[in-house]
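To start, the structure under review is shown below, and the notes come after it.
What you see below is based on every heavy atom in this structure, not just the backbone, and it leaves out hydrogens, waters and symmetry mates.
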Amino acid sequence: MSEKKKNIRRNNIIQLLLSLAIIAVINVIGSYVFTRFDLTSEKRYTLSDATKRMLRELDDIVYFKIYLDGEFPAGFKRLRNSTREMLDEFRAYSDNIQYEFINPSALSNQEERNALYEELVRDGLTPTELFVNTSEGRKQQLIFPGAIVTYKQRRLPLHILTSQPGSQPEEALNKSIQNLEYSISSVIRRLSSTSQPKIAFIEGHGELEPIHLAGAAETLREYYTIERVKIDGQINSLTTRTEIDSLNYRISNKFEAIIIAKPMQPFDEKDKFVIDQFIMHGGKVLWFIDPVFATMDSLQHANQTVGVSNDINISDQLFRYGVRLNNNLVMDLQALPIMVVTGGVGGQPQQSFLAWDFFPLMTPLIDHPIVNNVDAIMGHFVSTIDLIESPDIEKTILLTTSQYSRVANTPVLISLDMLRMEPDESLYNQSYQPVVVLLEGNFESLYRNRIPPEISDDKSIGFRESGLPAKMLVVADGDMIRNQIHRTQRQPLPLGYDQDTRQQFGNREFLLNAVNYLCDDSGIIAVRSREIKLRMLDGLKVQNNKVFWQAFNALTPILIILIFGIAWSVQRKRKYTSKA
């Protein structure tokens, strides 16, 4: 009997030592081989390769001061925890990521707390007011769902809560959590970049004035250096030429991308050639074109106007690149309302908001980094786009009209009387008309086999008949990039803000995503298309079965331990009783 006990004791010691040895070996291997296992279905804890590559290139501490701590509703706690988890994931790939969470409302001194609030606002963070339940009762609290990020001598604000005017709070929190990797990666990239890429607004063809592009410029200025350039037939307006020797030149683009915003005058062939060669050398272009001339200004003095074709001599160029803008206007039942006089009461005009079919609101329907999680985009007098067969060019339709739309070819009668009539829905049967198209690939020059040898053979010009990989965005609406002007103060409003309905639409985010996508060679923008499913609890069921689930959560672990203990005791009793 004593010998058996010795054997049991020896076996137990051997098993213990063997287990410790295995754990030690696993730890030694783990110190040399780094790996992580993400068992979530949507791989929410798996960073993109672009993010990992960026983290490996960091050569100094990136410090996050996150002002999202304290007592607040469950949704914001989830956002805080997700932010912490995402930063931990970043830190797993770089020791240069450090962070701390701060409760800006924790200061007991009112003056010091207000001073901190003002400092955070000056640093670029936007406060949010919440009602929270505390031990002292329900009270109003100011929170700052953001962070100040520091790298070397530079610091930038990071907005963790994505602004979603008009959306439900839970939806905004959901989108914020989905965009966490992109938001954090984007701010690190901006801080670690030694120079800002340059973007040029082209002028000289009746393009939008600076005051109408102020919203777009302000949006892009956070990431890019903005310039306005008049081509004026100058071959060096968009590119630079460096002489290598007497026969060869090195040609490079001056700008990462150019934006052509609602030109109203024809392009001459020299300017088209300069733009064409900019594209052939890998330049990116955003075309915001009105194929049809139609404005609301004409309706201020008359009840109706006519939309006519707006030929600015670029149809052949866009056709060669893979698209055709049609001379028509889209009418859509999903449209922006405008204010019109619908009657009079006591001698005073009575005004109402009525949906104006010529101002479609376009909701992105595809999963693409440029339009993913973007709100409805406001359009004014929008035309359609046809795709031309070109095997070397990948075409992606980013925006379409709604299911209930129709197309009217020029000349189009535009009358305010249409607002007073009930629309015939049977006519709105031309669904999902494409209005924004992304083009990617190696484009063919418009001037291939069209220019004399003295130009094509001139080394200083460096003519290319086929292009380096490039991207374009073609928008059949010039007003999509135009901001409104405040009627009394005459100040430009943010891009996408409609002062009549007081709503913010997705034009601003759409433009920023588009430029980032076209100019981003790192691949970080692709993270925006990622979707993380949040398994939300059913609030009504939780409330109705609150006592049951509280008891279940409290008693179940105890019952499991009791059952296990009883089973283990019975098993030991049977084992040793039978041997005796």
Please determine if Arg406 forms a cation-pi arrangement with Tyr428, meaning its NZ or CZ atom is less than 6.0 Å from the six-membered ring centre and no more than 45° off the ring axis.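 Here Arg406 passes the 6.0 Å and 45° test against Tyr428.
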message: Quick one about Tyr224 and Asn516 (side-chain donor to acceptor, distance below 3.5 Å, no hydrogens or angles considered), yes or no?
response: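 Result is yes, a qualifying pair exists.
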Indicate whether the side chain of Ser402 and that of Ser405 have a donor and an acceptor atom separated by less than 3.5 Å.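 Distance-only check fails for Ser402 and Ser405.
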(message) Classify the ring geometry of Phe463 against Phe273: parallel below 30°, tilted from 30° to 60°, perpendicular beyond 60°.
(response)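 Answer is parallel, since the angle falls under 30°.
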Using every non-hydrogen atom in the two residues, find where [X] and [Y] come nearest and quote the distance to one decimal.
X: Thr410; Y: Gly307; result: CG2-O, 3.8 Å
X: Thr396; Y: His368; result: CG2-CD2, 4.2 Å
X: Pro266; Y: Asp311; result: CG-O, 4.1 Å
X: Glu181; Y: Thr46; result: OE1-O, 4.2 Å

In terms of side-chain geometry, is the basic nitrogen of [X] or [Y] positioned less than 4.0 Å from the acidic oxygen of its partner?
X: Asp316; Y: Lys272; result: yes
X: Glu203; Y: Arg228; result: yes
X: Lys198; Y: Glu256; result: no
X: Arg190; Y: Glu222; result: yes
X: Asp500; Y: Arg487; result: yes

Does [atom1] in [X] sit with more than 12 non-hydrogen atoms of other residues, nucleotides or ligands closer than 6.0 Å?
X: Glu389; atom1: CD; answer: no
X: Lys254; atom1: NZ; answer: yes
X: Glu218; atom1: CD; answer: no

Beyond-backbone contact of [X] with [Y], side-chain heavy atoms, under 4.5 angstrom:
X: Asn483; Y: Tyr497; answer: no
X: Asp477; Y: Asp290; answer: yes
X: Ile377; Y: Met480; answer: yes
X: Trp287; Y: Val475; answer: no
X: Glu425; Y: Leu333; answer: yes
X: Ile199; Y: Thr225; answer: no
X: Leu365; Y: Thr400; answer: yes
X: Asp498; Y: Phe505; answer: yes

Q.
So, applying side-chain hydrogen bond (donor to acceptor under 3.5 Å, both in side chains) with Tyr447, which one of Gln317, Glu269, Arg464 is it?
A.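 Going through Gln317, Glu269, Arg464 one by one, the side-chain hydrogen bond (donor to acceptor under 3.5 Å, both in side chains) with Tyr447 is satisfied by Glu269 alone.
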Does the side-chain hydrogen bond (donor to acceptor under 3.5 Å, both in side chains) test come out yes or no for Asp386 and Asn326, once each step is laid out? CA-CA 7 Å; Asp386 287 340; Asn326 296 313; 3.3 Å; yes
Pair Thr239, Asn253 - check side-chain hydrogen bond (donor to acceptor under 3.5 Å, both in side chains), show working. CA-CA 4 Å; Thr239 53; Asn253 289 330; 5.4 Å; no
Under the criterion side-chain hydrogen bond (donor to acceptor under 3.5 Å, both in side chains), I'd like the reasoning laid out for Thr363 against Gln334: C-alpha separation, chi angles, the key distance, then a yes or no. CA-CA 9 Å; Thr363 303; Gln334 180 178 299; 3.3 Å; yes
task = Check step by step if salt bridge (charged side-chain N to carboxylate O under 4.0 Å, His left out) holds for Asp375 and Lys175.
result = CA-CA 11 Å; Asp375 284 340; Lys175 290 182 179 180; 3.8 Å; yes
- Message: Centre-to-centre under 6.0 Å for Phe359 and Phe381, is that the case here?
- Response: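 Yes.
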Check the pair Glu440, Tyr517 against side-chain hydrogen bond (donor to acceptor under 3.5 Å, both in side chains), reporting the backbone distance first and the verdict last. CA-CA 11 Å; Glu440 300 173 271; Tyr517 181 84; 2.9 Å; yes
